[in-house]
Amino acid sequence: SRREGFSTIPNVRWDDVGGLHLLRQEFDRYIVRRIKYPEAYEEFGVDLETGFLLYGPPGCGKTLIAKAVANEAGANFIHIKGPELLNKYVGESELAVRTIFGRARTCSPCILFFDEVDALTTKRGKEGGWVVERLLNQLLIELDGADQRRGVYVIGATNRPEVMDRALLRPGRFGKLLYVPLPTPDERGLILKALSRKKPLDASVDLFAIGRNQSCENLSGADLAALMNEAAMAALDEKQKSADSTSNSVRLTIKLRHFEQALEKLS
Ligand code: ATP
């Protein structure tokens, strides 16, 4: 496994992301094409935000999208978990912030992703005290060094945008706010489709019908991933049972009944 805070190009592609088309369009304009065709942006004198905050309910694809953006742009990706940054380097977290931005600059173009960024940025004077305060100030210094930040794009993710220090949401910092909603019924179908991309799904299965089903109401992308996994497990169980009882190996696929079993199990 890769160590936290080090850069790699992620293997998540847009194809792995179900729905969220508007977000994809935004990131194409703001990051992907800007990295791929910098001359065009320069020629037209387009100056766009480089800092983003993805907010919304858990498990709806914030991390996934950030990774897909990096992959599509051919950019490095550095994943920082807010709470770890705060706890692992107590007393040294300012240095850690400086180091992280330095590392991002040396491997630019780079997406610097701050997961659970609210942990670092709780409103001043509230919980956390001076550790958060100093960390936050260092973060602001680094974010404002935009001139030296060329090719480094910063994406934060949070389920609790309301607790974040307002100063962080100004332009040039995490300046562009993007909402990542729970999927609609049709988007649930798209997510299931993306999740089944590399699985032996039976041709008879209508993933959009499953997505529109009452029992999938309010499920997040992460919930749908769990559903897909359970359905695949149910199919695999069956395959292994039949392999034990017959000599010729049968090709078993994931069928509607496996999704029904999975839904029952998860409900
Ligand atoms: P959290 O706020 O809990 O960190 P998140 O919004 O960052 O959640 P992700 O980590 O991106 O959510 O999603 C968790 C998992 O759920 C993904 O790895 C993927 O399997 C699945 N998932 C979520 N949203 C989608 C989506 N739009 N398309 C495909 N899979 C998704």
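In listed order, ligands and their atoms are each counted from 1.
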Novice: Have His258 and Glu230 got a donor and an acceptor in their side chains that come within less than 3.5 Å?
Specialist: no
Novice: Is it true that, when you exclude Arg29 itself, more than 12 heavy atoms of the residues, nucleotides or ligands shown sit nearer than 6.0 Å to its CZ?
Specialist: no
Novice: Please report the C-alpha distance between Tyr153 and Tyr30 in whole Å, then the side-chain angles of each, then the deciding distance to 0.1 Å, and finally whether the ring-ring contact (aromatic ring centres under 6.0 Å, His included) criterion is met.
Specialist: CA-CA 9 Å; Tyr153 295 84; Tyr30 276 85; 9.5 Å; no
Novice: Quick one: does Gly18 get an N or O within less than 3.5 Å of an N or O on ligand 1?
Specialist: yes
Novice: Give the residue and atom name of whichever protein heavy atom lies nearest to atom 20 (O) of ligand 1, and the separation in Å to one decimal.
Specialist: Ala225 CB, 3.6 Å
Novice: Looking only at distances, please establish whether an N/O atom of ligand 1 is found under 3.5 Å from an N/O atom of Gly59.
Specialist: yes
Novice: Check each atom of ligand 1 against the heavy atoms of Ile191 and keep those under 4.0 Å away; list them by number with element.
Specialist: 26 (C), 27 (N), 28 (N), 29 (C), 30 (N)
Novice: State the atoms of ligand 1, each with its element, that fall below the 4.0 Å cut-off from a heavy-atom position in Asp16.
Specialist: 28 (N), 29 (C)
Novice: Just go through Ala222, Pro58, Ala194 and tell me whose heavy atom is the nearest to atom 16 (O) of ligand 1.
Specialist: Ala222
Novice: Would you check the N or O atoms of Cys60, main chain and side chain alike, for any that come under 3.5 Å of an N or O of ligand 1?
Specialist: yes
Novice: Does some side-chain heavy atom of Cys216 sit less than 4.5 Å from a side-chain heavy atom of Leu263?
Specialist: yes
Novice: Looking at Leu207, is its backbone amide N or carbonyl O close enough to the side chain of Lys193 to form a donor-acceptor pair, meaning the two atoms are under 3.5 Å apart?
Specialist: no
Novice: For Gly61, is at least one N or O under 3.5 Å away from an N or O on ligand 1?
Specialist: yes
Novice: Parallel, tilted or perpendicular for Phe114 and Phe174, by the 30°/60° rule?
Specialist: perpendicular
Novice: When you look for heavy atoms under 4.0 Å from ligand 1, do you find them on the side chain of Val180, its backbone, both, or neither?
Specialist: neither
Novice: For atom 18 (O) of ligand 1, tell me which residue out of Leu64, Val12, Thr63 has the closest non-hydrogen atom.
Specialist: Leu64
